**Student:** 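Let me give you the structure first, and then I'll get to my questions.
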Amino acid sequence: DKDSFLGSPTPNMFSSQNACSTHTSFLLTGIPGLESMHIWLSIPFGSMYLVAVVGNVTILAVVKVERSLHQPMYLFLCMLAVIDLVLSTSTMPKLLGIFWFDAGDIGLDACLAQMFLIHCFATVESGIFLAMAFDRYVAICDPLRHTTVLNHGMVGRMGLAALLRGVLYISPLPLMIRLRLPHYRARIIAHSYCEHMAVVTLACGDTKVNNFYGMGIGFLVLTLDSLAIAASYVMIFRAVLGLATPEARLKTLGTCGSHICAILVFYIPIAVSSLTHRFGHQVPPHIHILLANFYMLIPPILNPVVYAVRTKQIRERLLRFLKAGVQFR
């Protein structure tokens, strides 16, 4: 869903007052309705954040030292790891600060910076998945040209293009809020991070431009990227069906398995969040906020697991690391 990708308002997401005033900071409430459980909630969220950081740093280290993994698919995986570290780190430390120290205050500029990082790098991640789909398409449909088409320079340029697209698409969001919406009804954001619509719904004045732009970018990114990825896999499956033996078909499809799993891990939480926003009007606000936070953690946790389980070279290198650690002790 387009607007949930860029944040869509949940029921009771903001406190409204009649008076409008200029605020230099906001107050994030964490998980509204579950304030008494914040300390207990910090245990699973803190543990998941730790797992996400360790998993993605491990992937980066393994690909760096294992020369056999210096291939396009694993270079794109490193880009995903960096993106996942940025996404989780842009939200989780602040959330844990709210849980542990009731540190909900956030300056306006810091709030807009957090908003930019969240939406920009979610856009970049979608672009990297599209680049990975192109890599799988070339590897299977035109294998003889794979190493020449997707050399290291091309992989770097595709990653840079995904980053620039994210910056170009998302930069107007915080800028329009900063320049067009200086006054707010309240400073309390009933959320754990600065979501685009959570801030916009607090603003006084005409927010139609902000709303339409956010929805338009969501449509461009999610719809077009997912359609392009689907089209590449239609052509991949057609090529696979043309192979002579079932064994060859399974082996070829196996090279796509990790990428398909990672795509599902990225898009399914978005779909679930979209459905609860659209049709879950009876769903309590804290469920919406919990889902939004899980969306920031599920891909960073599962992407390293998926690739570690499904990639022989990563598994073997990890086992060597573990054996070396045991021997060192």
Side-chain angles (χ1 to χ4, degrees), residues 4 6-54 84-122 173-174 177-178 181-204 269 273 276-277 283-301:
S4 69
L6 294 174
S8 53
T10 59
N12 303 319
M13 180 170 279
F14 59 91
S15 306
S16 65
Q17 298 169 357
N18 292 327
C20 292
S21 58
T22 303
H23 295 296
T24 57
S25 67
F26 293 108
L27 182 68
L28 295 166
T29 60
I31 312 295
L34 297 180
E35 288 85 356
S36 61
M37 296 179 63
H38 274 180
I39 287 293
W40 297 107
L41 286 170
S42 71
I43 297 172
F45 277 104
S47 302
M48 287 189 290
Y49 177 54
L50 181 62
V51 169
V53 170
V54 170
D84 286 340
L85 285 170
V86 172
L87 279 174
S88 56
T89 303
S90 65
T91 55
M92 286 305 117
K94 184 63 180 176
L95 178 62
L96 293 174
I98 295 170
F99 285 166
W100 290 335
F101 310 114
D102 202 24
D105 270 305
I106 185 168
L108 174 60
D109 290 333
C111 182
L112 296 179
Q114 186 187 53
M115 178 197 304
F116 172 78
L117 288 173
I118 291 167
H119 298 312
C120 175
F121 279 89
L173 289 177
I177 291 174
R178 196 76 173 88
L181 304 172
H183 304 295
Y184 300 90
R185 297 183 183 88
R187 63 182 294 267
I188 298 173
I189 301 175
H191 207 296
S192 57
Y193 58 82
C194 290
E195 205 180 26
H196 175 240
M197 286 306 297
V199 177
V200 169
T201 48
L202 287 177
C204 301
S273 179
T276 57
H277 278 299
V283 176
H286 64 265
I287 299 297
H288 289 283
I289 310 302
L290 285 169
L291 284 173
N293 282 285
F294 281 129
Y295 169 63
M296 292 295 162
L297 283 172
I298 290 172
I301 289 172

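In this text, all values refer to a predicted model and were calculated from it rather than measured experimentally. As a basis for the values below, the full set of heavy atoms in this structure was taken, side chains included, without hydrogen atoms, waters or symmetry mates. Quick note: residue numbers are just sequence positions, from 1.
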**Student:** Does any pair with a residue in residues 106-119 pass salt bridge (Lys or Arg N to Asp or Glu O under 4.0 Å), and if so which ones, sequence neighbours excluded?
**Tutor:**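 Every salt bridge (Lys or Arg N to Asp or Glu O under 4.0 Å) pair that includes a residue of residues 106-119, provided the two are not neighbours, is Asp109-Arg178.
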
**Student:** Quick one: list whatever passes ring-ring contact (aromatic ring centres under 6.0 Å, His included) with Tyr193, sequence neighbours left out.
**Tutor:**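 Tyr193 satisfies ring-ring contact (aromatic ring centres under 6.0 Å, His included) with His191 once adjacent residues are dropped.
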
**Student:** Looking at Cys20 and His183, what are the two nearest heavy atoms and their distance?
**Tutor:**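 That closest heavy-atom pairing would be CB-CB, 4.3 Å.
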
**Student:** To check you understand the geometry: which heavy-atom pair defines the closest contact between Ser192 and Ile98, and what is its length?
**Tutor:**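 Closest heavy-atom pair between Ser192 and Ile98: O-CD1, 4.1 Å.
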
**Student:** Compare all side-chain heavy atoms of Leu28 with those of Cys194 and state whether any distance is below 4.5 angstrom.
**Tutor:**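 They are in contact (side-chain heavy atoms under 4.5 Å apart), so the answer is yes.
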
**Student:** Report the C-alpha distance between Ile118 and Met296 in whole Å, list the side-chain angles of each, state the deciding distance to 0.1 Å, and finish with yes or no for side-chain contact (heavy atoms from CB on, under 4.5 Å).
**Tutor:** CA-CA 9 Å; Ile118 291 167; Met296 292 295 162; 3.1 Å; yes

**Student:** When you look at Val54 and Leu50, which way does the side-chain contact (heavy atoms from CB on, under 4.5 Å) test go after all the steps?
**Tutor:** CA-CA 6 Å; Val54 170; Leu50 181 62; 4.2 Å; yes

**Student:** Using the side chain to side chain contact (heavy atoms under 4.5 Å, CB included) criterion, which residues pair with Pro300? Sequence neighbours excluded.
**Tutor:**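 Ala52, Asn56, Asp84, Ser88.
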
**Student:** Heavy atoms only: give me the nearest Tyr295-Ala122 pair and the separation to one decimal.
**Tutor:**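 Residues Tyr295 and Ala122, closest heavy atoms: OH-CB, 4.1 Å.
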
**Student:** Please lay out, stage by stage, how Asn293 and Ile31 fare under the test side-chain contact (heavy atoms from CB on, under 4.5 Å).
**Tutor:** CA-CA 10 Å; Asn293 282 285; Ile31 312 295; 3.7 Å; yes

**Student:** For Ala19, is there any backbone N or O sitting under 3.5 Å from a side-chain donor or acceptor partner on Arg185?
**Tutor:**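 No; zero donor-acceptor contacts below 3.5 Å.
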
**Student:** Would you compute the distance between atom OG1 of Thr91 and atom CG of Leu96 and round it to the nearest 0.5 angstrom?
**Tutor:**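 Separation between the atoms: 9.0 Å.
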
**Student:** Of all residues at least two apart in sequence or in a different chain, which pass the ring-ring contact (aromatic ring centres under 6.0 Å, His included) check with Phe294?
**Tutor:**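 For Phe294, the residues satisfying ring-ring contact (aromatic ring centres under 6.0 Å, His included) (neighbours in sequence not counted) are Phe45.
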
**Student:** Measure the shortest side-chain to side-chain distance between Leu34 and Leu290 over non-hydrogen atoms and say whether it is less than 4.5 angstrom.
**Tutor:**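 They are in side-chain contact.
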
**Student:** If I compare all heavy atoms of Leu202 with all of Ala186, which pair ends up nearest, and what's the gap?
**Tutor:**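 Heavy atoms of Leu202 and Ala186 come nearest at CD1-O, 3.8 Å.
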
**Student:** With side-chain contact (heavy atoms from CB on, under 4.5 Å) as the test, would you mind laying out the steps for His196 and Ile177 before giving the verdict?
**Tutor:** CA-CA 9 Å; His196 175 240; Ile177 291 174; 4.0 Å; yes

**Student:** Give me each pair satisfying salt bridge (Lys or Arg N to Asp or Glu O under 4.0 Å) with a member in residues 36-47, each pair once, sequence neighbours excluded.
**Tutor:**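 The answer is none; no pair qualifies.
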
**Student:** Heavy atoms only: give me the nearest Glu195-Met115 pair and the separation to one decimal.
**Tutor:**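 The pair with the smallest heavy-atom distance is O-CE, 4.3 Å.
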
**Student:** Where is the tightest heavy-atom contact between Leu85 and Val53, given as atom of each residue plus distance?
**Tutor:**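 In terms of heavy atoms, the two residues are closest at CD2-CA, 3.7 Å.
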
**Student:** Could I get the full list of side chain to side chain contact (heavy atoms under 4.5 Å, CB included) partners for Pro284, not counting sequence neighbours?
**Tutor:**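 Testing Pro284 for side chain to side chain contact (heavy atoms under 4.5 Å, CB included), a comparison that skips the adjacent residues, returns His286, Ile287.
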
**Student:** Using side chain to side chain contact (heavy atoms under 4.5 Å, CB included) as the criterion, list what pairs up with Asp105, not counting sequence neighbours.
**Tutor:**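 For Asp105, the residues satisfying side chain to side chain contact (heavy atoms under 4.5 Å, CB included) (neighbours in sequence not counted) are Ser25, Leu27, Arg187.
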
**Student:** With sequence neighbours left out, what residues match Cys120 under disulfide bond (SG atoms under 2.5 Å apart)?
**Tutor:**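 If we apply the disulfide bond (SG atoms under 2.5 Å apart) test to Cys120, skipping adjacent residues, there are no hits.
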
**Student:** According to the side chain to side chain donor-acceptor pair (under 3.5 Å) rule, which pairs have a member within residues 27-53, sequence neighbours left out?
**Tutor:**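 As it turns out, the side chain to side chain donor-acceptor pair (under 3.5 Å) pairs with a partner in residues 27-53, which skip direct neighbours, are Ser42-Trp100, Tyr49-Thr89.
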
